[in-house]
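These notes are about the structure you will find just below.
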Amino acid sequence: RHGINLFAVLTGATSGGRKGTSWAAVGSLFQQVDSDFMEAKTPGGLSTGEGLIWAIRDPIYRPKKRGKDSNPDGELEMELEVPGVDDKRLLVIETELGQTLQVLKREGNTLSAILRQAYDGKECLQSLTKAVKGQSTGAHIALIGHVTREELLQNFASVEILNGLGNRILWVCVRKSKDLPEGGRTPELPELAGKVAMALQFASPGPEIARAEATARLWAKVYPALNAERGGLWGAATARAAANVARLSVIYALLDCTDTIRPDHLKAALAVWQYCEASARFVFGGQESDPVQQKIVDKLKTKPLTQTEINDLFGGHVSTSKLREKLEMLSAKGRIGCRDEKTKTRTKKKWYFVK
């Protein structure tokens, strides 16, 4: 089962990417379509999984205090402690995603796990901390984030990509398309707003979507390539290709107010995915999924090193045999090489960066 909630992160230069400007234009359109949703259901400031759940929490009850008029049968009566939130939809807009990525690195933070469950459409999101015992049933959470490539590589630990959060995200490289000295303007687009409103009305009952026969044949043809193994951190970040393409194709079908995915819907989804895949390659390409291998590669980019010098990089925290294994793996992938360098007294083997 797949819902149509998506996570997308726009990455570009600090000012030249125009990440915020892109949302301003789209936000203005959706303000015309559903102003109540835009004002109440598009928060930012992600910090913990508990906080995310709290924004769309179920009602919380506590045992009612016993008094003179207590239930004579001894049954435990409950009373409302905290009201719940009826609308379980949420579109999180993180214009400073770099700050959120730093939070993910804190020990014990549950945000990554809750986001992964939310993407998967888990029926009940729960956080059972001592301070807050909240849950959300039937949540529908989407995410749009803005971050620079430098912040992303610095703060998004490889473990977050490998544990599945990274491959649940559509990575989108952005940059401004033109200079607008007067700032431009946001068009009203009433016709487009009307079409989007119709699509939302069609989709609101949550119809089950199926592929047309021709679409199923096309899907079977592209499926192996979508599931093909990719190496490095880029491969880990794009490992959920089939799921994301499936969700995109459903969105295109719903925009056409149909419960049948036609071949053109799937082709449109594939085109979006190809751009996201290329963006992920630009952001993560050349980065190893193994942090030890990545540290070796980063250091070899500066100068060749001997085995002893590589051992010293890790201060004895990684065994020599394990490092030798990592070096052989990098060599087999063509990332590094080894050559003999003669000195006055002896010959040293030195590892060097290739690509």
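Keep in mind it's a predicted model, so treat the numbers as computed, not measured. Side-chain atoms are counted along with the backbone in the values below, which use heavy atoms only and exclude waters and symmetry mates.
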Side chains of [X] and [Y]: closer than 4.5 Å at any heavy-atom pair?
X	Y	result
T110	S112	no
L226	L270	yes
F284	L153	yes
H146	L97	no
L218	R211	no
L165	L104	yes
Y275	C173	yes
L170	V9	no

Give me the one residue out of V85, I53, I114 that meets side chain to side chain contact (heavy atoms under 4.5 Å, CB included) with S136. I53
Kindly say whether I169 contributes a backbone atom to a donor-acceptor pair with the side chain of N244 at under 3.5 angstrom? no
Donor-acceptor contact present, side-chain Q135 to main-chain D58, <3.5 Å: no
Output the distance between atom [atom1] ([X]) and atom [atom2] ([Y]), rounded to the nearest 0.5 Å.
X	Y	atom1	atom2	answer
L254	F202	CG	CZ	6.5 Å
I144	T42	CD1	OG1	9.5 Å
L323	H317	CG	NE2	12.0 Å
W234	T238	CH2	OG1	5.0 Å
M198	D256	CE	CG	10.5 Å
S249	H265	OG	NE2	9.0 Å

Between R247 and Y119, is NZ or CZ placed under 6.0 angstrom from the six-membered ring centre and within 45° of the ring axis? yes
Assess R339 against Y352: is NZ or CZ under 6.0 Å from the centre of the six-membered ring, and within 45 degrees of the ring's axis? yes
In one Ile/Leu/Val/Met/Phe/Trp/Tyr side-chain cluster, 4.5 Å: [X], [Y]:
X	Y	answer
I251	W23	no
V250	W273	yes
L6	I261	yes
L330	F314	yes
F37	L255	no

Does D120 form a salt bridge (charged side-chain N to carboxylate O under 4.0 Å, His left out) with R168? I'd like the steps, not just the answer. CA-CA 9 Å; D120 295 343; R168 286 171 168 84; 2.9 Å; yes
With a cut-off of 6.0 Å (strictly less than), are more than 12 heavy atoms of other residues, nucleotides or ligands near [atom1] of [X]?
X	atom1	result
K41	NZ	yes
K301	NZ	yes
E81	CD	yes
Y223	OH	no
Q201	CD	no

side-chain hydrogen bond (donor to acceptor under 3.5 Å, both in side chains) between T347 and E341: does it pass, once the steps are laid out? CA-CA 6 Å; T347 300; E341 289 191 3; over 6 Å; no
Where is the tightest heavy-atom contact between [X] and [Y], given as atom of each residue plus distance?
X	Y	result
W351	S331	CZ3-CB, 4.1 Å
A197	V33	CA-CG1, 3.9 Å
A193	Q32	CB-OE1, 3.9 Å
E309	L305	OE1-CA, 3.2 Å
L90	A55	CD2-CB, 4.1 Å
T137	C124	OG1-SG, 4.1 Å

Test ring-ring contact (aromatic ring centres under 6.0 Å, His included) applied to F282 and W171, step by step: CA-CA 10 Å; F282 173 76; W171 301 101; over 10 Å; no
Please tell me whether Q31 and E39 have a donor and an acceptor in their side chains that are separated by less than 3.5 angstrom. yes
Checking side-chain polar atoms at under 3.5 Å, does T308 have a donor or acceptor matched by the opposite partner on T306? no
Could you go through R57 and V82, starting from their C-alpha distance and side-chain angles, then the distance that decides it, and tell me whether this counts as side chain to side chain contact (heavy atoms under 4.5 Å, CB included)? CA-CA 9 Å; R57 64 188 177 274; V82 181; 3.4 Å; yes
Could you check whether E213 pairs with R217 (Lys NZ or Arg NE/NH1/NH2 to Asp/Glu carboxylate O, under 4.0 Å)? yes
Salt-bridge contact K350-D340 (side-chain N to carboxylate O under 4.0 Å): no
Going by salt bridge (charged side-chain N to carboxylate O under 4.0 Å, His left out), name the residues that satisfy it together with R149, two or more places apart in sequence or in a different chain. none
L101 vs V103, side chain to side chain contact (heavy atoms under 4.5 Å, CB included): CA-CA, chis, key distance, verdict: CA-CA 5 Å; L101 298 182; V103 168; over 6 Å; no
Checking I141 against L125 for the side chain to side chain contact (heavy atoms under 4.5 Å, CB included) test, could you report, in this order, the C-alpha distance in whole Å, the side-chain angles of both residues, the deciding distance, and whether it holds? CA-CA 11 Å; I141 300 173; L125 303 179; 3.9 Å; yes
Given the rule in the side chain to side chain contact (heavy atoms under 4.5 Å, CB included) test, do E191 and K195 qualify, once you have shown the distances and angles that lead to the verdict? CA-CA 6 Å; E191 183 180 352; K195 290 181 178 179; 3.8 Å; yes
